[in-house]
Amino acid sequence: MTEDLNQVMRTRREKLELMEDRGIRPFAYRYSRTHQAVEAVELFRQEESAGTLDAEGHGSPVSVAGRLMSFRGHGKSAFGHLEDASGTIQVYFRRDLLGQESFQNVLDLVDLGDWLGVEGELFRTRTGEVTVRASTWELLSKSLRPLPIGKTETDPETGERITHSGFGDIEARYRRRYADLAVHPEVREVFKTRSRIVTAIREFMDDEGFLEVETPVLQPVYGGAAARPFLTRHNTLHRTLFLRIADELYLKRLIVGGFEKVYEIGKDFRNEGIDRVHNPEFTMLEFYQAFADYQDMMDQVERLLVHVVDRALGTRTLTYQGAEIRVEPPFRRIRLLEALEDAMDMDPLRATEEELKERAYRLRLPDLEVAGRGKLLDKLFEALVQPALQQPTFILDYPRELSPLAKLHRSNPSLTERFELFVAGQELANAFSELNDPMDQRRRFEEQAGLRARGDEEAHQVDEDYIRALEYGLPPTGGVGIGLDRLTMLLTDQASIRDVILFPILRTEEQGQ
RNA sequence: GGGCCGGUAGCUCAGCUGGUAGAGCAACGGACUUUUAAUCCGUAGGUCGAGGGUUCGAGCCCCUCCCGGCUCACCA
């Protein structure tokens, strides 16, 4: 892109020189606007209904600022639309109002994508659109690269906005998210909703008396989930560090330290495949509460979710990829083994490992070699039960082997007190009565070490310091993890995690252009 | 990693059994003082993802590679 600018970019650069000749600064320092676009429109409507417009039907003068998204020249006048964070407003340039010089500058210097400030009285055009009649205008920032702005029209029958041409290349939209956002208000809307979700979560947690904390991203021993980590290296420490795969173990150390309720919202990193529901870095909410068990945490999750949909969406009924989902408590609660028994028509507890494996093979579930009983049950569950869990459903009591950080079930020691919440066939939350017996924790870590030896790269490492913390005494504690990206997908009806992450990971693009 | 599909002008796309690349929008010049995908006349714009091969001739056929989408696997 060094020499061979395309035609559009060349002419825009030439306009820069023209501006210099005319003494116009292409990149301004600031602009005083009086109204956002929608505020200005609203102001005019109020003046209109209050009957305070002047004889020509003009309202108060305003100044607005935004990006020029459309432009129609008509000789001695021109129309365009400015878009700011609030929306768009039409602006109207007339030669007799602006004067020959200023009007000529509009025609000669301005391009789609430029940031403009426009000042003038409001009025309503013959076609009924509230518009700023420019008395002065100012270039705030010259756009030197053409934005893929599609032309839009409003369907006269349905009122829907139809975009022609536009910016469709999915790869380009992720790589140049700034351009995607600039031309797609609906994409900006997704990320506004994401922000409202996070705000609503903080509101809820803070109101419930949870303390927001930050724990290390760089960790000498990783843990808290089953996943492969990213490695990095600290130069002066001469040691390998891991990017965290979960916050869990540090947050429970804080409960040991005497904080009774803590939460953290932060990035986790897992060195695994990338697909519609996985991005290597993603955002988790984890919270821990002393003296609570997983039943208490189920209630908390239910209340949290209801609060979030109330605050972020304003409705408890949502549509996800065509399916209607009702976030209305109480959510269904089913034990994992019951759900499996229904789906398999056999008692999974009484089945031998061979029978389970046989069943899994018949379903063509791959990668069964290193799978033990627990893993087999998990795979069968994923294949047979999970897809049907559309409405919010808690699945309870997971096999011990899958849950090295969860307390054994008080009435069945082959299970743990753990639940996951499923919505729209996707796992949304994972929680348990936290294992607080340091001896048991050591045994579980050692079992995990055994799995590692069998080739399970995702099995836990033994975290000696964590066991030491437990030895000081962890009160009974309930803990929850919720993937915020997937929650956002659900609440914004997005099919891909990339559509709720501003800058999702992509392969390196070729340099140039 | 496997399978399928795709990468052509700034954007969205077309391009037949191989014959030297097109449209709309955007851009540029001109007309037009209330337009709504404004309209009308004219002009310019391309390393057809990259590299190699076959051929008199490749956007098109063959091989390798890069990037993306979907999907399967992996991933609670």
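The sequence lines fix the lettering, A, B, ..., with proteins before strands; numbering per chain opens at 1.
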- Query: Counting only distance, no hydrogens or angles, is the base of B:U33 paired donor-acceptor with the side chain of A:Arg94 under 3.5 Å?
  - Reply: yes

- Query: If only side-chain N and O atoms of A:Lys15 are considered, is one of them under 4.0 Å from the OP1 or OP2 phosphate oxygen of B:A27?
  - Reply: no

- Task: Sequence neighbours left out, what passes side-chain contact (heavy atoms from CB on, under 4.5 Å) with A:Glu121? Give chain and number order.
- Result: A:Asp54, A:His58, A:Pro61

- Please state whether the phosphate of B:U71, meaning OP1 or OP2, lies under 4.0 angstrom from any side-chain nitrogen or oxygen of A:Arg276. yes

- Message: Can you check the distance between B:C48 and B:A21, where both ends of the measurement are the C1' atom (answer in whole Å)?
- Response: 8 Å

- Query: Think A:Arg72 has a side-chain N or O under 4.0 angstrom from the OP1 or OP2 of B:U35?
  - Reply: no

- May I ask you to verify whether the side chain of A:Ser77 and the base of B:U34 hold a donor-acceptor pair under 3.5 Å? no

- Task: Please give the nucleotide sitting opposite B:U33 as a Watson-Crick or G-U wobble pair, both distances under 3.5 Å, or none.
- Result: none

- Out of B:C74, B:A27, B:C70, whichever nucleotide has its closest atom nearest the side chain of A:Asp275: B:C74

Between the protein and nucleotides 42-44 of chain B, which nitrogen or oxygen pairs are less than 3.5 angstrom apart?
| from | atom 1 | to | atom 2 | distance (Å) |
| --- | --- | --- | --- | --- |
| B:A44 | N3 | A:Gln7 | NE2 | 3.4 |

- Task: Would you indicate, yes or no, if B:C74 has its OP1 or OP2 atom less than 4.0 angstrom from a side-chain nitrogen or oxygen of A:Lys379?
- Result: yes

- Residues which pass side-chain contact (heavy atoms from CB on, under 4.5 Å) with A:Met19, listed by chain and number, not counting sequence neighbours: A:Lys15, A:Leu16, A:Ile24, A:Pro26, A:Leu109, A:Leu139, A:Lys142

- Message: The criterion is side chain to side chain donor-acceptor pair (under 3.5 Å); which residues satisfy it with A:Asp397, sequence neighbours excluded?
- Response: A:Tyr294, A:His409

- Quick one: side-chain contact (heavy atoms from CB on, under 4.5 Å) partners of A:Ser403, sequence neighbours excluded? A:Tyr398, A:Ala406, A:Thr416, A:Arg418

- Item | side-chain contact (heavy atoms from CB on, under 4.5 Å) against A:Lys76, all qualifying residues, sequence neighbours excluded | A:Arg95

- Message: Below the 4.0 Å mark, does B:U35 have OP1 or OP2 next to a side-chain nitrogen or oxygen of A:Arg133?
- Response: no

- Could you tell me which nucleotide pairs with B:C74 by Watson-Crick or G-U wobble geometry, both distances under 3.5 Å, or answer none if nothing does? none

- Item | Presence of A:Lys151 side-chain N/O under 4.0 Å of B:A37 phosphate oxygens OP1/OP2 | no

